[in-house]
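A short worksheet on the structure shown next.
Since this is a predicted model, take the numbers as computed values, not measurements.
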Amino acid sequence: MPSRPSDISYTVPGMNTQDSLGIIEVLQMRLHSLNDLHLTLKHVHWNVVGPHFIAVHEMIDPQVDQVRSMTDDLAERISTLGGEPNGTPGALVEQRSWNDYSIGRAEAIEHLGALDLVYTSVIKDHREAMQSTETTDPVTQDMLIEQLRGLELFQWFVRAHLESSGGKLSTRGASTESGAAGQAADQARTQP
């Protein structure tokens, strides 16, 4: 968990500094999460192979661009609240509570299976952050809601590749990226 900033010299009108400090802490973790996500997406973009390479390769870049834009919005909101956004790789690695993405060069369906779990985790944490700002900072909440809209759409794009015609996700019940990748590959092999 990041060290909480001890003080800020100003914040937005109508908010007290204690509330702003709490929101800054929440936003800093969202900044780390989305910085990690855009790097993970770029990693997938570079390492996807197989017959669906070009479809996934081209689907990922717009996601990278939009997630990078989200990080800029988060950093600017931290600054607006009187904080100091930290976007360094060292801070991300030191303060994150998750491991690096675990899939290297792999078939498109395997990466999509793993990305489903990545998106699930990011969206869950983003939703918790959004809910935590409901009463203290509806402006930040609105920004997080808009970001959730994009993140959930991207997960839907990923899941469209993982869903059977009967509506079952191949990654259902998977708890690790490699497990989700394997389940997605197994389902793809058994479908016509």
key: Gap between atom CD of Gln63 and atom CZ of Arg68 - 0.5 Å precision   = 14.5 Å
message = Atom CD of residue position Glu128 - does it have more than 12 heavy atoms of other residues, nucleotides or ligands inside 6.0 Å?
response = yes
remark   = Note: Leu41 and Ile60 closest approach over all heavy atoms is O-CG2, 3.1 Å
Approximate separation, where rounding is to 0.5 Å, of Glu25 CD and Ser132 OG = 10.0 Å
task = Grab the two heavy atoms, one from Gly113 and one from Leu162, that are nearest each other, plus how far apart they are.
result = N-CD2, 3.8 Å
task = Dump the intermediate steps for side chain to side chain contact (heavy atoms under 4.5 Å, CB included) on Tyr10 and Ser20, then the final yes or no.
result = CA-CA 9 Å; Tyr10 68 89; Ser20 290; over 6 Å; no
Gln187 and Ser164 side chains, donor-acceptor separation under 3.5 Å = no
inquiry  = Tell me the closest heavy-atom pair linking Ala108 and Val56, and the distance in Å.
reply    = CB-CG2, 3.6 Å
inquiry  = Quick check: do Arg96 and His32 have side-chain heavy atoms less than 4.5 Å from each other?
reply    = no
task = Ignoring hydrogens and angles, state whether a donor on the side chain of Asn47 or His43 is under 3.5 Å from an acceptor on the partner side chain.
result = yes
Gap between atom CD of Gln155 and atom CD1 of Ile123 - 0.5 Å precision = 4.0 Å
request  = Determine whether Ser170 and His161 make a side-chain contact, defined as any pair of heavy atoms from C-beta on separated by less than 4.5 Å.
outcome  = no
key: Where Ala181 and Ile103 come nearest, the two heavy atoms and their spacing   = CB-CD1, 4.1 Å
message = For Ala106 versus Glu110, what's the shortest heavy-atom pair and its separation?
response = CB-OE1, 3.7 Å
inquiry  = Under the criterion side chain to side chain contact (heavy atoms under 4.5 Å, CB included), I'd like the reasoning laid out for Asp65 against His38: C-alpha separation, chi angles, the key distance, then a yes or no.
reply    = CA-CA 8 Å; Asp65 293 341; His38 95 255; over 6 Å; no
key: Val26-Leu151 co-clustered via ILVMFWY side chain contacts under 4.5 Å   = no
request  = With rounding to the nearest 0.5 Å, note down the distance linking CG in Asp61 to CD in Gln66.
outcome  = 13.0 Å
note = Rounded to the nearest 0.5 Å, the CE atom of Met29 sits from the OG atom of Ser97 at a distance of 5.0 Å
request  = Can you sort out the partners of Asp125 under salt bridge (charged side-chain N to carboxylate O under 4.0 Å, His left out), two or more places apart, ordered by chain and number?
outcome  = Arg30
key: Flag for Thr171-Gln183: side-chain donor and acceptor within less than 3.5 Å   = no
query = Are Leu148 and Tyr119 joined in one hydrophobic group, where the rule is that I, L, V, M, F, W and Y side chains link up if heavy atoms are under 4.5 Å apart?
reply = yes
Asn99, CG atom: more than 12 neighbouring heavy atoms under 6.0 Å = no
request  = Could you tell me whether the side chain of Thr11 and the main chain of Leu81 form a donor-acceptor pair under 3.5 Å?
outcome  = yes
Which atom of Ser175 lies closest to which atom of Leu117, heavy atoms considered = C-CD2, 3.7 Å
query = Can you tell me how far CG of Asn35 sits from CG of Leu74, rounded to the nearest 0.5 angstrom?
reply = 9.0 Å
request  = Decide whether Ile145 and Phe154 are clustered together by the hydrophobic rule: side chain heavy atoms of Ile, Leu, Val, Met, Phe, Trp, Tyr closer than 4.5 Å, transitively.
outcome  = yes
query = Checking side chain to side chain contact (heavy atoms under 4.5 Å, CB included) for the pair Thr190/Asp186: CA distance, chi angles, key distance, verdict?
reply = CA-CA 7 Å; Thr190 62; Asp186 289 345; 5.8 Å; no
key: Trace of the side chain to side chain contact (heavy atoms under 4.5 Å, CB included) decision for Val158 with Glu163   = CA-CA 9 Å; Val158 167; Glu163 186 179 1; over 6 Å; no
request  = Would you kindly confirm whether Met15 and Met143 end up in one hydrophobic cluster when ILVMFWY residues are joined by side chain heavy atoms under 4.5 Å apart?
outcome  = yes
task = Using a strict cut-off of less than 4.0 Å between a Lys/Arg side-chain nitrogen and an Asp/Glu carboxylate oxygen, indicate whether Glu152 and Arg159 qualify as a salt bridge.
result = no
Carboxylate-amine/guanidinium contact Arg77 Asp137, below 4.0 Å = yes
query = Within the side chain of His111, is there an N or O that forms a donor-acceptor pair under 3.5 Å with the backbone of Val44?
reply = no
Single-linkage hydrophobic cluster Leu37~Val64, side-chain heavy atoms < 4.5 angstrom = yes
ask   = Does the side chain of Gln28 come under 3.5 Å of the side chain of Asn86 through a donor N or O and an acceptor N or O?
value = no
task = Please indicate whether Trp98 has more than 12 foreign heavy atoms, meaning atoms of other residues, nucleotides or ligands, lying under 6.0 Å from its CH2.
result = yes
ask   = Would you say Leu144 and Thr140 make side-chain contact, with heavy atoms under 4.5 Å?
value = yes
inquiry  = Could you check whether any side-chain N or O of Ser79 sits under 3.5 Å from a backbone N or O of Glu76, counting only pairs where one atom can act as donor and the other as acceptor?
reply    = no
ask   = So do the side chains of Gln18 and Thr136 get within less than 4.5 Å of each other, counting heavy atoms only?
value = no
task = Please confirm whether the backbone N or O of Met70 pairs with a side-chain atom of Gln147, one donor and one acceptor, at under 3.5 Å?
result = yes
